[in-house]
Asks: 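First the structure, then my questions, so here it is.
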Amino acid sequence: DYYFKASALNTIGNISVPTRIFYSLNDPIVPLSTDLISSCQSNSRIVLETRSDGGHAGFEGLSVSAIKPYWAEDILIREIHERERELEVA
């Protein structure tokens, strides 16, 4: 009952700003559910990006940075740089 009430699935349909969700298919703690996939697909503001590796919360995997081995951080930094380039062009 607690996990159902605390789940983001209860509010994911209310997301009104562009949102990208990163998910590891080999997360040993929170496996990807068909409910999450359906909820993301039904909200046009959400992009669900999955990876075959990465573990729980992006703490596992190869990194483009030798200092930070966390793939989730690498994706965030990549996104920030892409947005900066878009702003420079505009």
Side-chain angles (χ1 to χ4, degrees):
D1 185 51
Y2 166 78
Y3 290 105
F4 175 77
K5 289 179 181 176
S7 172
L9 287 174
N10 297 319
T11 58
I12 202 165
N14 299 330
I15 292 176
S16 60
V17 296
T19 302
R20 182 172 292 184
I21 297 174
F22 303 106
Y23 216 97
S24 255
L25 297 177
N26 72 341
D27 186 327
I29 298 171
V30 185
L32 183 61
S33 71
T34 55
D35 291 336
L36 176 63
I37 294 169
S38 297
S39 295
C40 290
Q41 289 174 339
S42 65
N43 188 331
S44 63
R45 294 171 195 90
I46 298 175
V47 173
L48 176 63
E49 184 174 321
T50 60
R51 291 177 49 112
S52 60
D53 61 348
H56 183 66
F59 295 129
E60 174 186 305
L62 298 176
S63 170
V64 296
S65 166
I67 298 170
K68 295 184 229 167
Y70 307 126
W71 67 267
E73 290 178 1
D74 285 340
I75 291 172
L76 177 62
I77 291 168
R78 182 189 72 208
E79 290 290 321
I80 290 170
H81 288 302
E82 286 178 15
R83 298 300 169 257
E84 286 175 338
R85 283 192 291 278
E86 290 173 5
L87 291 173
E88 288 172 358
V89 171

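Numbers here simply count residues along the sequence, with the first being 1.
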Asks: How far apart are the C-alpha atoms of V47 and R20, what are their side-chain angles, what is the distance that settles it, and do they pass the side-chain contact (heavy atoms from CB on, under 4.5 Å) test?
Replies: CA-CA 5 Å; V47 173; R20 182 172 292 184; 4.2 Å; yes
Asks: Between R85 and E88, does at least one N-O distance fall below 4.0 Å, as a salt bridge requires?
Replies: no
Asks: With rounding to the nearest 0.5 angstrom, report the CG to CD distance, L76 to E79.
Replies: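 Between L76 CG and E79 CD, I get 8.0 Å after rounding to 0.5 Å.
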Asks: Can you measure from CZ (R45) to CG (N14) and round to the nearest 0.5 angstrom?
Replies: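 Rounded to the nearest 0.5 Å, the CZ-CG separation comes out at 10.0 Å.
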Asks: Give me the other members of the hydrophobic cluster that L32 sits in, counting Ile, Leu, Val, Met, Phe, Trp and Tyr linked by side-chain heavy atoms under 4.5 Å, directly or via other members.
Replies: L9, I12, I15, I21, Y23, L25, I29, V30, L36, I37, I46, L48
Asks: Can you name the closest pair of heavy atoms from N10 and K5 and give their distance?
Replies: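 Smallest interatomic distance, heavy atoms only, reads ND2-O, 3.4 Å.
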Asks: Rounded to the nearest 0.5 Å, what separates atom CD in E82 from atom CD1 in I77?
Replies: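 If I round to the nearest 0.5 Å, the distance is 12.5 Å.
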